[in-house]
Amino acid sequence: MRAALSAAVVVCAVTVALPGAASAQPTAVAGLAGNRAAGVERVSAAADGTQADDNSSGASITPDGRHIVFSSSAKNLTPDETTGGDKVFVRDQPTRQTKRIGSLTTLQPPVISGDGEYVAYPVQWMRNVRIRQYEVGTGRTASADCSAYSCNQPSLSADGRHTALAIFFQRPSPGQRIEVQDWNSGGTKATVATLGHTQPSRPSISGDGRYVAYQDGEAQDVFVWDRTSGATSGPIEGPSKEAALVQLSDDGTKVVCLSGSDTYVHDVPSGTERLVPNVRGVAIDPTGRHLLYAPHDTSGPSLILRDLQTGTDKIVSDQPASAGTHAVSADGRDVVFHSTAGILPGDTNGKSQVFARHFD
């Protein structure tokens with residue numbers, strides 16, 4: 001397998017007022033990576049454009065905007081899918097081809113490497129949970145070594161070489177170990193942290209595999225581990241806050257965290273932090289410049305993309321919609337999300353569909 005993740009960063013403060021959001025959504029476009037006209041495209045679709053016949057969600061996009069991974073219980077996305085259940089699919093935007101990845105049901109949203117070559121997701125394995133990692137082109141698989149325990153919450157480096165994950169154990173007492181496994185060296189493991197509880201740790205790795213940001217879900221603190229030095233910094237949100245990790249940017253310069261009703265973006269090189277008040281941060285683009293967030297005010301747009309350098313906002317969806325981490329391509333060009341609303345003409349079956357929004 002291969003590696004490239006996002007260097008670590010964590011959130012903190014500089015109050016900024018929310019500027020007025022940009023204009024409403026444009027019409028649909030023919031394709032994203034191939035046709036860069038602004039608009040919205042349905043991603044959870046068969047090759048002929050037919051919308052999925054069941055729910056789709058959990059989408060992530062590669063930095064170049066070409067590949068989108070998502071989960072769906074639809075049976076009409078590919079000719080070889082007839083059983084339903086939440087299977088994993090990869091959409092190639094220029095060709096509009098959708099490929100099923102593996103045959104096992106995913107327990108959480110899948111993740112994709114930055115080069116689009118590898119996909120990983122947790123699956124039920126007897127009484128435990130294992131991480132299955134697939135090479136998209138060949139279909140070859142590997143399972144993360146959980147040492148007979150359950151593992152969860154994978155994060156892939158840009159070239160898929162490094163996988164960060166949480167391994168849960170019961171003895172001598174319940175806890176978890178956050179590890180990075182290097183597939184190019186036979187699954188060599190590096191321990192990031194050991195926590196004496198099973199609250200979420202949500203590891204997020206940088207594109208080059210050097211940094212891992214994670215949270216101590218019990219203490220509600222966020223930390224950053226550096227593979228090169230072996231040192232851990234944090235809690236990055238400081239002693240006066242409780243924080244939950246959202247995502248580390250691929251370039252390792254920004255860490256997005258939630259604290260109370262606010263979102264913080266911590267700049268690692270300068271050690272400064274930026275407060276984006278009264279919103280829920282959802283994802284950050286690979287360069288660390290664009291923040292995708294959901295306003296707490298439900299009377300307006302549901303998803304907005306902010307340029308952290310200029311402070312300007314663009315509406316991603318003015319109808320009810322949701323998104324997850326790694327939902328933004330480099331430079332904020334593309335954003336993937338899911339919605340049951342009628343985003344495009346023909347969205348009439350009431351199912352959750354995955355869409356991609358492209359900005360000029």
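- Taking the side chain as every heavy atom from C-beta outward, F359 and V316 approach each other to under 4.5 Å.
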**Request:** Decide side chain to side chain contact (heavy atoms under 4.5 Å, CB included) for F70 and H338; before the verdict, give the C-alpha distance in whole Å, the side-chain angles of both, and the deciding distance to 0.1 Å.
**Result:** CA-CA 10 Å; F70 62 96; H338 63 270; over 6 Å; no

**Asked** Where do V212 and E179 land on the side chain to side chain contact (heavy atoms under 4.5 Å, CB included) test, with the steps shown first?
**Response** CA-CA 9 Å; V212 175; E179 288 185 352; over 6 Å; no

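- Follow the hydrophobic side-chain contacts under 4.5 Å out from V136 and you reach V123 in the same cluster.
- Contact detail for T263 and V279: the closest heavy-atom pair is OG1-O, 2.9 Å.
- Remark: side-chain polar atoms of H290 are not paired, donor with acceptor, to backbone N or O of V328 under 3.5 angstrom.
- Put simply, the residue from H358, H67, E41, R66 that forms a side-chain hydrogen bond (donor to acceptor under 3.5 Å, both in side chains) with Q93 is E41.
- Counting only heavy atoms from C-beta outward, the side chains of R280 and L258 approach each other to under 4.5 Å.
- A donor-acceptor contact closer than 3.5 angstrom is absent between the side chains of S339 and Q319.
- Put simply, V90 and L104 are part of the same group of oily side chains (I, L, V, M, F, W, Y) that touch within less than 4.5 Å, one to the next.
- Taking each heavy atom of C257 and A243 in turn, the nearest pair found is CB-CB, 4.3 Å.
- When all heavy atoms of T98 and V43 are compared, the closest pair comes out as OG1-O, 4.4 Å.
- Listed for the Q247 side chain is no donor-acceptor partner under 3.5 Å among the backbone atoms of G324.
- In the hydrophobic clustering of ILVMFWY residues, with side-chain heavy atoms under 4.5 Å counting as a link, V111 and I167 come out apart.
- In summary, the side chains of T194 and R177 do not present any donor paired with an acceptor at a separation below 3.5 Å, with no hydrogens or angles considered.
- In this structure, a donor-acceptor pair under 3.5 Å is absent between the side chains of E237 and S259.
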**Request:** Let me see the working for H162 and D208 under side-chain hydrogen bond (donor to acceptor under 3.5 Å, both in side chains), right down to the final yes or no.
**Result:** CA-CA 9 Å; H162 297 97; D208 61 5; over 6 Å; no

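- When atom types are taken as modelled, the side chain of R91 and the backbone of A45 share a donor-acceptor pair closer than 3.5 angstrom.
- The backbone N or O of M126 sits less than 3.5 Å from a side-chain atom of Q124, completing a donor-acceptor pair.
- Using a 4.5 Å cut-off on side-chain heavy atoms (C-beta onward), Q153 and P200 make contact.
- In this structure, T232 and Y214 have side chains that are in contact, with non-hydrogen atoms separated by less than 4.5 Å.
- Using a 4.5 Å heavy-atom cutoff, the side chains of Y293 and D313 are in contact.
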**Request:** Begin with the C-alpha distance, continue with both residues' side-chain angles, and end with the deciding distance and a verdict on side chain to side chain contact (heavy atoms under 4.5 Å, CB included) for I343 and S317.
**Result:** CA-CA 8 Å; I343 301 294; S317 178; 4.0 Å; yes

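- Atoms SG and CZ, from C146 and R130 in turn, are 5.0 Å apart once rounded to the nearest 0.5 Å.
- In this structure, the separation between OG on S352 and CZ on F337 is 10.5 Å, given to the nearest 0.5 Å.
- Hydrophobic clustering of Ile, Leu, Val, Met, Phe, Trp and Tyr side chains at less than 4.5 Å, counting indirect connections, keeps I131 apart from I178.
- With hydrogens and angles disregarded, a donor-acceptor distance shorter than 3.5 Å links the side chain of S72 to the backbone of N55.
- The shortest side-chain heavy-atom distance between D347 and F355 falls under the 4.5 Å cut-off.
- Between D54 atom CG and Q353 atom CD the span is 9.5 Å, to the nearest 0.5 Å.
- In this structure, CG on D267 lies 6.0 Å from OG1 on T253, to the nearest 0.5 angstrom.
- You'll find the side chain of D53 reaches within 4.5 Å of the side chain of K75, heavy atoms only.
- Taking the side chain as every heavy atom from C-beta outward, L245 and S204 approach each other to under 4.5 Å.
- Looking at R140 and T138, their side chains do bring a donor and an acceptor atom within 3.5 Å of each other.
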**Request:** Could you walk me through whether W225 and V180 pass side chain to side chain contact (heavy atoms under 4.5 Å, CB included), step by step?
**Result:** CA-CA 11 Å; W225 175 80; V180 174; 4.1 Å; yes

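- Atom CG of L303 sits about 6.5 Å away from atom OG of S322, to the nearest 0.5 Å.
- No side-chain donor-acceptor contact under 3.5 Å links S71 to the backbone of K87.
- Of all heavy-atom pairs spanning R42 and G49, the tightest one is NH1-O, 3.7 Å.
- At least one donor-acceptor pair under 3.5 Å links the side chain of R227 to the backbone N or O of G209.
- No single ILVMFWY cluster, assembled from side-chain heavy atoms under 4.5 Å apart, contains both V88 and W125.
- Note that CG of L308 and OG1 of T312 are 9.5 Å apart. Values are rounded to the nearest 0.5 Å.
- In this structure a side-chain-to-backbone donor-acceptor pair under 3.5 Å is present from S302 to A321.
- Distance alone, capped at 3.5 Å, is enough to place a donor-acceptor pair between the S113 side chain and the Y118 backbone.
- Between the D86 side chain and the T106 main chain, no donor and acceptor come within less than 3.5 Å of each other.
- Ring pair Y149/F169 is perpendicular by interplanar angle, where above 60° counts as perpendicular and below 30° as parallel.
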